[in-house]
Structure formats: structure tokens, C-alpha cells
S.K.: 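The structure's right below; bear with me while I get my questions together.
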Amino acid sequence: MSVRWILLVAALGAPQAALAQERSLDERFDPRTRAAILAVVDSARADGLPVDPLINKALEGASRGAEPERIIWAVRGLARRLKVARDALGTQSTEAELVAGAAALYSGIAPEKLEQLRAADPGASVALPLVVLADIVERGVPQDTAVSVILTLAGARVADDDYTALRVSVAEDIQAGAPPGVAAQTRARGILLGVRQDEPRPDPR
């Protein structure tokens with residue numbers, strides 16, 4: 001599950017988009033498969049979960065030529081993860097946060113870690129931190145290390161640009177041969193150092 005896809009499906013929030021996407025299922029699936037997918041979509045909608053990510057997941061599977069049963073299984077799995085993400089992040093979470101949370105869960109991150117991330121900076125969106133968390137885990141950073149790094153940055157209330165910089169720099173370091181865990185920890189320390197240097201110094205007078 002790519003970060004680009006996560007951000008794409010999170011952006012599709014309008015009900016009109018959902019209806020248009022549902023109609024597109026008619027063109028891509030046989031009646032039985034379509035009915036199974038829509039059953040998941042309808043259940044998620046009734047539960048107050050975002051449905052665009054589910055429809056996009058089905059269409060993504062069709063575009064890749066996946067078997068119908070595998071597509072149904074993937075859509076059901078995503079629906080379950082969206083629900084777990086909402087339980088962990090709270091009912092007021094945005095669609096982007098839930099989709100990112102589902103991606104983190106898919107990467108093996110435990111639900112309680114999502115709760116900890118929300119608690120680390122309650123007033124901020126956790127969408128980007130979760131996207132970066134899932135990304136660096138998929139790149140080989142050990143889960144415990146990745147969670148620790150992201151929680152530390154969240155606690156320091158770093159800017160979104162810092163999370164983006166972490167993702168890019170860790171990917172570059174790994175490509176250059178650095179151990180993934182070391183790369184994540186080193187880059188996070190650099191970000192925190194920069195944040196501390198930018199903090200206003202007390203007036204010595």
C-alpha cells in the first residue's frame with residue numbers, strides 16, 4: 001500500500017464522489033463480486049466509516065487484475081482496519097486520519113500505538129505522522145524504533161515539513177546503505193536538534 005495511494009483515497013471525501021465510484025463498480029465487476037463489495041461498503045457507511053477508500057481499494061484490485069475473491073477479502077480487511085483505527089483515534093477523526101491509521105495497522109502497528117500518537121499531541125492531525133510511520137516501517141525500520149521516533153516527534157510538536165523530511169531522508173539513507181533503524185533515529189535526532197535551536201532563548205536580563 002503506497003503512501004501516494006493513501007493520500008489519494010483520503011482526499012476523496014465528497015458523497016458525490018462515492019456515488020460515482022459505486023456506479024463504476026458496475027463496469028468492473030460481475031454481479032456477485034459487486035454485490036459482495038457493496039455489502040461491505042453499505043455496512044461501513046451505516047457504521048459511519050468512510051467508504052471511498054473501500055471502493056478505491058476494489059477498483060485498485062481490478063486494475064491490477066486481482067482475482068475477485070482476493071479483492072473482496074482486501075476490501076473487507078480495509079473496512080476492519082478503518083474501524084479499529086477509529087476506535088483507537090476517536091470518533092472525531094478525519095477520513096485522512098482513519099485511512100492513514102488503517103495503513104499503519106496494515107504495516108503491523110498495534111492499535112494502542114495509534115492511541116499514544118493521538119495523546120501525544122491531541123490538537124494536531126495525526127494523518128501525516130501515521131503515513132510516515134507506515135512508510136518507514138515498510139522500508140525496513142523496526143516497528144518499535146519507528147513508533148518511538150514518531151511519538152517523540154509528535155511530543156515535540158514538530159511541523160508537518162519535519163515529518164516529510166524524515167520520510168525522504170530515511171529513504172535516502174537506506175538507499176545509500178544505512179541500517180533502517182539507525183537512519184530513522186539519526187534523522188529524528190537531527191530534526192529535534194533543529195527544533196530546539198529554533199526555540200526562543202530566555203532573556204538573560
S.K.: List the residues meeting side chain to side chain contact (heavy atoms under 4.5 Å, CB included) with A58, not counting sequence neighbours, and say none if there are none.
M.R.: L25, F29, I37, I71, V75
S.K.: Looking at E60 and K57, is there a salt bridge between them, counting it only when a charged N and a carboxylate O are closer than 4.0 Å?
M.R.: yes
S.K.: First locate atom CD of Q175, then atom CZ of R139, and finally report the distance between them rounded to the nearest 0.5 Å.
M.R.: 9.0 Å
S.K.: Is it true that a side-chain atom of D42 and a backbone atom of A39 form a donor plus acceptor pair closer than 3.5 Å?
M.R.: no
S.K.: Tell me if a side-chain donor or acceptor on T145 pairs with a main-chain N or O of V141 at a distance below 3.5 Å.
M.R.: no
S.K.: Would you confirm whether E138, through its side chain, and D135, through its main-chain N or O, come within 3.5 Å as a donor-acceptor pair?
M.R.: no
S.K.: Check D87 with K83, please: is the shortest side-chain N to carboxylate O separation under 4.0 Å?
M.R.: yes
S.K.: Taking all non-hydrogen atoms of both residues into account, name the closest pair between A146 and V137 and its distance.
M.R.: CB-CG2, 3.6 Å
S.K.: Counting distance only, does the side-chain N/O of D30 pair as donor-acceptor with the main-chain N or O of R32 below 3.5 Å?
M.R.: yes
S.K.: Indicate yes or no for a side-chain donor-acceptor contact from S125 to the backbone of A127 under 3.5 Å, with no hydrogens or angles considered.
M.R.: yes
S.K.: Can a donor-acceptor pair be found, under 3.5 Å and without considering hydrogens, that links the side chain of Y106 to the backbone of R81?
M.R.: no
S.K.: Please check: side-chain N/O of S148 versus main-chain N/O of D144, any donor-acceptor pairing under 3.5 Å?
M.R.: no
S.K.: Is it true that R118 and S93 share a donor-acceptor pair across their side chains at a distance under 3.5 Å?
M.R.: yes
S.K.: I need the L151 CG to L133 CG distance, nearest 0.5 Å.
M.R.: 8.0 Å
S.K.: Any non-hydrogen side-chain atom of L105 less than 4.5 Å from a side-chain atom of L114?
M.R.: yes
S.K.: Nearest 0.5 Å, please: how far is CG in L38 from OG in S43?
M.R.: 12.0 Å
S.K.: Are any of the side-chain nitrogens in E172 or R187 under 4.0 Å away from the carboxylate oxygens of its partner?
M.R.: no
S.K.: Any luck finding a side-chain donor-acceptor pair between D161 and T164 under 3.5 Å?
M.R.: no
